[in-house]
Colleague: 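Handing you a structure now.
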Amino acid sequence: MAISICRTLKYFQPTTCQNIKCAAALLPQPLLVPIRTKKRYFIPPAVNVKQKSQSEQETKARAAGVVVRQQYIERAINISCTAGIFDPYVPPEGDARLSTLSKEGLKQRTEQLRQSAASQLAFRKIKDHDPEFSTKEFPALAQQMFIDAHAALTQFNKEKLHSLVTERCYPEMVRGNRYKTLRWRFIESLEPPRVVHARCPDMISKGNLYGQVTLRVHSRQTLAIYDRFGRLMLGDEDEPRDVLEYLVLERHLVNPYGRWRLHGKIVPAWAPPKDPIIKTVVIPGPTLKPEEEFEDLHYQVPKPKAVQWYK
């Protein structure tokens, strides 16, 4: 029985293979259809080709059907302090030099009395939100805050400095101090500090009030700034100088947790210019070959030319 089944299968095998070949011949042959790829709206610029301006690139993108999204220049807003000094105090020329008994001194005193009317209104608003504020006790506290802030600056204590100055004053104090050594010391106060100006502006909304108080500080200080090589750039640690400063302190009055902090400094137009900065520069020497030594050339350093440095 098994032999007969094998003979039957051998008989049908050639017939089946022939039928499959005939069926494959009847099927349609595959066709190669060219398909276009996705259109590239941005083509990298060629080498050594002049770059197009921003307006030309936008025009080309609009022609290609690409929508250029408008870029919004956004700026972060910090409501814990203002962005500047409102109605800054104008120091009278010759302050701390003219006597109140002289003619010019009497004119300055009269002008200060005229400007004090707006300050009195600001004091009333400040006392409504800060009942402990007093023009007699505030100058001493503000002067101590000024001393602590500069001591934290010389020690690079960022946490303490942030608690004593506003977010607007902080970058102005620390800018350019990297890789430098600061030596500052407060020696004495030549005159008692006093409040000379006050303003109470609002920002964003009508009831969002800020208090700004200008303090006049006449003191004796020492300052020395060293560069990263340890060379003196400005000032002298052993030479005290008399300094007259107008400090601006600010507080967010609406915030119950707000406190007075240093906000800026007013520099009068008649102030003397600052001392120039002494900078350390590298004088290029000769180009040595691998087999040469610098001592064998007997190279003489050329005299440096007079250079005017700008801050």
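Residue numbers run from 1 in the order of the sequence given. Source: prediction; values computed, not measured.
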Colleague: Charged N to carboxylate O below 4.0 Å: is that the case for Arg251 and Asp130?
Modeller: yes

Colleague: Quick one, Ile225 and Leu223 - any side-chain contact, counting heavy atoms below 4.5 Å?
Modeller: yes

Colleague: Please check if the number of heavy atoms outside Glu137 that lie under 6.0 Å from its CD is greater than 12.
Modeller: no

Colleague: Cut-off 3.5 Å, side chains only: do Trp184 and Gln221 have a donor facing an acceptor?
Modeller: yes

Colleague: Under a 4.5 Å side-chain heavy-atom rule over Ile, Leu, Val, Met, Phe, Trp and Tyr, are Val165 and Val174 clustered together?
Modeller: yes

Colleague: Inspect the contact between Glu167 and Arg261 and indicate whether a charged nitrogen and a carboxylate oxygen are less than 4.0 angstrom apart.
Modeller: yes

Colleague: I'd like to check His218 versus Ser189 (side-chain heavy atoms, cut-off strictly below 4.5 Å). Are they in contact?
Modeller: no

Colleague: Show the numbers, then the answer: is there a side chain to side chain contact (heavy atoms under 4.5 Å, CB included) between Asp242 and Leu190?
Modeller: CA-CA 8 Å; Asp242 299 344; Leu190 301 178; 3.5 Å; yes

Colleague: Report yes if some heavy atom in the side chain of Thr135 is under 4.5 Å from a heavy atom in the side chain of Phe133; otherwise report no.
Modeller: yes

Colleague: Less than 4.5 Å apart, side chain to side chain, heavy atoms only: is that true for Val248 and Val213?
Modeller: no

Colleague: For side chain to side chain donor-acceptor pair (under 3.5 Å), just list the numbers for His197 and Asp87, CA-CA rounded to whole Å, side-chain angles, deciding distance to a tenth of an Å, and then say yes or no.
Modeller: CA-CA 10 Å; His197 193 73; Asp87 192 10; 4.5 Å; no

Colleague: Starting from Met173, can I reach Trp260 by hopping between I/L/V/M/F/W/Y residues whose side chains sit under 4.5 Å apart?
Modeller: yes

Colleague: Determine whether the aromatic ring centres of residues His162 and Tyr170 are separated by less than 6.0 angstrom.
Modeller: yes

Colleague: Report yes if some heavy atom in the side chain of Pro240 is under 4.5 Å from a heavy atom in the side chain of Arg185; otherwise report no.
Modeller: no

Colleague: Within the 4.5 Å heavy-atom criterion, are Met203 and Tyr210 side-chain neighbours or not?
Modeller: yes

Colleague: To the nearest 0.5 angstrom, please state how far the CD atom of Gln212 sits from the CZ atom of Phe86.
Modeller: 6.5 Å

Colleague: Could you check whether Arg216 pairs with Glu191 (Lys NZ or Arg NE/NH1/NH2 to Asp/Glu carboxylate O, under 4.0 Å)?
Modeller: yes

Colleague: Indicate yes or no: at least one non-hydrogen side-chain atom of Leu153 is less than 4.5 angstrom from one of Asn177.
Modeller: yes

Colleague: Does the pair His263 and Thr82 meet the rule for a side chain to side chain donor-acceptor pair (under 3.5 Å), with working shown?
Modeller: CA-CA 9 Å; His263 187 62; Thr82 58; 3.3 Å; yes

Colleague: With a 4.0 Å cut-off on N to O distance, would you call Asp275 and Arg241 a salt bridge?
Modeller: yes

Colleague: Rounded to the nearest 0.5 Å, how far does CG of Leu141 lie from OG of Ser134?
Modeller: 9.5 Å

Colleague: Answer yes or no: is there a side-chain heavy-atom contact under 4.5 Å between Asp236 and Thr222?
Modeller: no

Colleague: Evaluate the side chain to side chain contact (heavy atoms under 4.5 Å, CB included) criterion for residues Phe146 and Leu249: first the C-alpha distance (whole Å), next the side-chain angles of each, then the deciding distance (0.1 Å), finally the verdict.
Modeller: CA-CA 10 Å; Phe146 168 75; Leu249 292 94; over 6 Å; no

